[in-house]
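Data block below; observations after.
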Amino acid sequence: MPFLFQRKIGTKHEVMSDTTVVNMLKRHCVELAEQHPGFLATSFTPHDFRRLLATELVNSGLPIHIGAAPLGHLNLQTTRGYVAVFNEDVVRHYQGFLDRRRQARPADEYRPVTEPEWLGFEEHFDQRKVELGGCARPYSTPCQHEHACLRCPMININPKMLPRLDEIEVDLLARRARAEAEGWLGEIEGIDLTLSFLRQKRDQTRRLARVAPVDLGIPGIAPRSAARRQ
């Protein structure tokens, strides 16, 4: 069975309960306390083994973001809570990992950037700016959707362009009515698909706009007399 703590009773394999494992650990601590008195006041739980494993992995040089994978953590902060290391240790392990990776790569990959290369880098991100917002496609890749931004999952809609989405929807509905009158079934199918993407992106942009930071202003200083009463 896919469990760390299990035992065979008769002909069956059964998972040990938490209480059974804790009692076994207590007995081992008592035995170890005969030679190491510090174990006499020590208690362990099965979950402690995850923390010990995570600490050992990171202290041995494994980057913390990779150590989070076998632990099943989606948030790196959760792994940091498991690992008994300081932030500077985390940075040191990560930098050591990068140094080892760079030693295995060709040296020309880490040469200084030339002026034409830097200008090309800036130009690429300038070309990401489109009418409805910004394109999030990877660096040095062309537009694979032929600038059909409403259907593209890489477009980030600027909340200021929400009125423009409404205008595009009105135009699409007018085109759909014309296509329906003319019997252009293929055109109707394409317009319906574009409308579904438009409404989905509009709803998503509205949700993001609602959770934008709120300006709470600068807190004032209470009068000295009021502060004394408090």
Side-chain angles (χ1 to χ4, degrees), residues 1-9 12-29 32 36 38-39 42-113 117 121 124-125 128 133-145 151-157 197 200-201 203-205 207-208 210-213:
M1 295 184 292
F3 297 96
L4 178 61
F5 299 103
Q6 57 179 297
R7 59 183 174 180
K8 186 176 182 180
I9 299 180
K12 296 182 178 180
H13 287 275
E14 295 186 0
V15 180
M16 299 181 185
S17 65
D18 293 345
T19 303
T20 301
V21 177
V22 169
N23 291 334
M24 293 173 63
L25 293 173
K26 287 182 179 179
R27 290 197 299 268
H28 287 296
C29 287
L32 290 171
H36 305 281
F39 281 94
T42 303
S43 60
F44 292 96
T45 65
H47 200 74
D48 290 330
F49 288 95
R50 281 175 61 88
R51 299 180 181 274
L52 292 172
L53 174 63
T55 302
E56 183 65 22
L57 289 175
V58 175
N59 288 342
S60 298
L62 185 71
I64 191 170
H65 69 283
I66 296 179
L71 295 174
H73 293 163
L74 300 178
N75 190 341
L76 194 61
Q77 297 300 328
T78 305
T79 311
R80 286 186 177 181
Y82 271 58
V83 179
V85 295
F86 296 101
N87 287 335
E88 53 266 24
D89 293 330
V90 175
V91 174
R92 177 169 53 83
H93 288 311
Y94 185 68
Q95 290 178 342
F97 170 77
L98 290 180
D99 291 339
R100 292 191 296 272
R101 289 284 296 175
R102 286 174 177 172
Q103 292 175 2
R105 303 294 301 175
D108 59 346
E109 292 187 359
Y110 301 99
R111 59 177 173 77
V113 180
E117 289 174 339
F121 180 79
H124 168 80
F125 286 97
R128 291 187 177 196
C135 180
R137 67 181 184 272
Y139 171 70
S140 190
T141 59
C143 177
Q144 299 181 355
H145 299 90
R151 298 189 181 186
C152 179
M154 294 297 178
I155 184 68
N156 293 323
I157 303 295
F197 280 109
Q200 179 182 0
K201 287 178 170 56
D203 293 341
Q204 181 182 10
T205 305
R207 288 196 300 269
L208 293 176
R210 286 198 298 267
V211 298

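Basis for what follows: all heavy atoms, side chains included, without hydrogens, waters or symmetry-related copies. We count residues from 1, following the sequence as given.
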Hey, are the side chains of [X] and [Y] touching, using non-hydrogen atoms and a 4.5 Å cut-off?
{"X": "F49", "Y": "L25", "value": "yes"}
{"X": "I155", "Y": "K201", "value": "yes"}
{"X": "H47", "Y": "D18", "value": "no"}
{"X": "M24", "Y": "M16", "value": "yes"}

Residues in ring-ring contact (aromatic ring centres under 6.0 Å, His included) contact with F197, at least two apart in sequence or another chain: none

[X]: partners by side chain to side chain donor-acceptor pair (under 3.5 Å), with sequence neighbours left out:
{"X": "R102", "answer": "none"}
{"X": "E117", "answer": "R111, T114"}
{"X": "N23", "answer": "none"}

Test of understanding: with side-chain contact (heavy atoms from CB on, under 4.5 Å), list the residues that count as partners of D48, not counting sequence neighbours.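 Checked D48 against side-chain contact (heavy atoms from CB on, under 4.5 Å); matches are F44, T45, R51.
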
Using the salt bridge (Lys or Arg N to Asp or Glu O under 4.0 Å) criterion, which residues pair with R101? Sequence neighbours excluded.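 Counting only residues at least two positions away or on another chain, R101 forms no salt bridge (Lys or Arg N to Asp or Glu O under 4.0 Å).
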
Using 0.5 Å steps for rounding, measure from the CD atom of E14 to the CZ atom of R7.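 Rounded to the nearest 0.5 Å, the CD-CZ separation comes to 7.5 Å.
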
